[in-house]
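Below: the structure, in structure tokens.
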Amino acid sequence: MTTAKTDITIRHLAEHGGELVTLRGWLEGGRSSGKIAFLKVRDGSGVVQVIVSRKEVSEDAWEAAKGVTQESTVEVTGTVNLDERAPGGVELHATEFSVLFLTEDYPITPKEHGVAFLMEHRHLWLRSSRQRAALRVRSEVCQAIRDFYYERDFTLIDSPILTPAACEGTSTLFETDYFGDPAFLSQSGQLYLEPAAAALGKVYCFGPTFRAEKSKTRRHLMEFWMVEPEVAFLEFPGLCELAEEFVQYLVGRVLERCATELETLERDTAVLERYASEPFARTTYTETIDFLQAQGQEIAWGDDFGAEHETLVGEHFGKPVMITHFPSAMKAFYMQPDADDPKLALGLDIIAPEGYGEIVGGSQRIHDHDLLLRRIQEHELPQEAFQWYLDVRRYGSYPHSGFGMGLERFVAWMCKMSHVRETIPYPRMLNKIYP
Ligand code: 4AD
């Protein structure tokens with residue numbers, strides 16, 4: 001008798017047609033008649049249909065197959081049968097079947113559940129097919145981010161999470177006690193990357209970021225992941241090119257490596273192909289205000305865009321849009337003014353279409369010491385806390401630029417998920433931190 005292979009995962013079953021394998025996993029669902037059971041088994045790498053035929057297995061195995069419940073842990077041995085009609089082109093004809101753990105009353109059933117209920121059961125909801133697909137896309141995007149910068153000779157600089165001062169405004173800081181002094185969870189690694197760019201030229205950080213935003217929207221998390229490149233001697237036009245090349249690379253990688261997941265998510269891939277290959281639309285802040293006013297929106301020059309404005313802009317162009325040249329007054333203290341019109345900042349936002357809004361924010365940085373000091377004072381930031389940051393402009397100052405991209409917003413857009421909460425394993429949202 002042939003011994004069954006035990007080291008093959010469902011993902012690779014199709015490479016083992018005709019072989020006998022043993023799998024362990026969980027029962028997603030199934031149906032059985034008096035003679036035959038069709039069971040969907042998941043092992044973490046994929047799902048396969050297992051066919052248990054009464055006359056081909058022992059009485060114990062048949063009883064086990066008949067009585068198995070949703071999300072029970074199971075072990076199955078069977079022959080791999082390649083069949084084009086089966087999902088994934090493969091099914092398993094069981095010779096043995098046993099239940100390792102019989103699950104009772106699994107809370108998430110195939111019927112519709114409300115989001116509040118699913119969020120309370122996030123630890124179990126992860127097992128559902130859409131959630132699995134989104135988390136795999138996330139994992140692929142993380143890998144692609146690292147590959148993109150690695151292939152271009154960037155050095156990874158891990159910026160600290162506990163910080164003594166704000167980067168992106170003081171209103172969204174999570175404060176904690178640092179041996180009697182206040183410390184804040186990082187809102188951005190940027191300030192720490194700028195000195196590192198003078199040491200290593202091209203650097204990036206990629207890690208968790210915290211914003212105590214009192215926003216309950218489908219685009220906001222309290223804890224999200226941000227990737228931030230920072231490049232010495234890169235000026236604004238080069239920054240725009242880098243951001244476009246980066247976003248297109250990531251879309252391309254998702255298309256290339258996540259075909260199964262995009263299918264599960266019913267994502268229109270033709271549209272993604274277009275985003276990956278066509279140049280992004282480019283416009284300025286002022287042109288965008290004119291456009292929005294022409295659309296009947298109540299918005300004035302100097303106002304920030306709201307979600308509905310970003311959606312309108314995205315819809316108008318039907319592809320990612322790079323908006324540049326914002327009023328300095330509405331942007332962060334560190335943005336370089338435009339030489340032709342100093343009331344404008346050399347900042348850029350990338351708006352994702354299909355209602356996903358801003359996914360990238362960046363700028364050229366002020367490299368003149370006295371101007372930066374003035375901006376710190378105007379923004380009423382604690383000057384002592386920024387001495388080290390000003391040092392970058394005291395010793396070998398140099399023009400430099402960078403941007404930040406929110407991972408969850410990007411993944412939500414790729415997956416066409418209606419809310420960023422489904423793109424991170426355990427979302428942290430306004431007043432919600434369970435589980
Ligand atoms: O535009 P932001 O605030 O830029 C910065 O933090 C700069 N310091 C980055 C840099 O230049 N190095 O944030 C960048 C991106 C946004 O475009 C968005 O994708 C994401 O971070 N983001 C959020 N994502 C989820 N939830 C939130 N609350 C977010 N806030 C920002």
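Ligands are counted one by one from 1 in listed order, and the atoms in each one are counted from 1 as well. Just so we're clear, the structure is a prediction, and the values are computed from it rather than from any experiment.
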* Taking any residue with a non-hydrogen atom under 4.0 angstrom from an atom of ligand 1, which ones do you get? -> Glu168, Ser188, Gln190, Arg211, Glu213, Arg219, His220, Leu221, Phe224, Met226, Glu228, Tyr334, Glu358, Ile359, Val360, Gly361, Gly362, Arg365, Gly402, Phe403, Gly404, Gly406, Arg409

* To do: Report yes or no: is the cationic atom of Lys343 (NZ for Lys, CZ for Arg) under 6.0 Å from the centre of the six-membered ring of Trp301, at an angle within 45° of the ring normal?
  => yes

* Please determine if Arg393 and Glu194 form a salt bridge, counting it only when a charged side-chain N lies under 4.0 Å from a carboxylate O. => yes

* Asked: Can you find a heavy atom in the side chain of Ile366 that is under 4.5 Å from one in the side chain of Tyr334?
  -> no

* Asked: With respect to Lys319, which candidate in Glu278, Glu244, Glu273 satisfies the salt bridge (Lys or Arg N to Asp or Glu O under 4.0 Å) definition?
  -> Glu278

* **Residues Asp349, Lys331: salt bridge by 4.0 Å N-O rule** => yes

* Asked: Any salt bridge between Glu408 and Arg138, counting N to O under 4.0 Å?
  -> yes

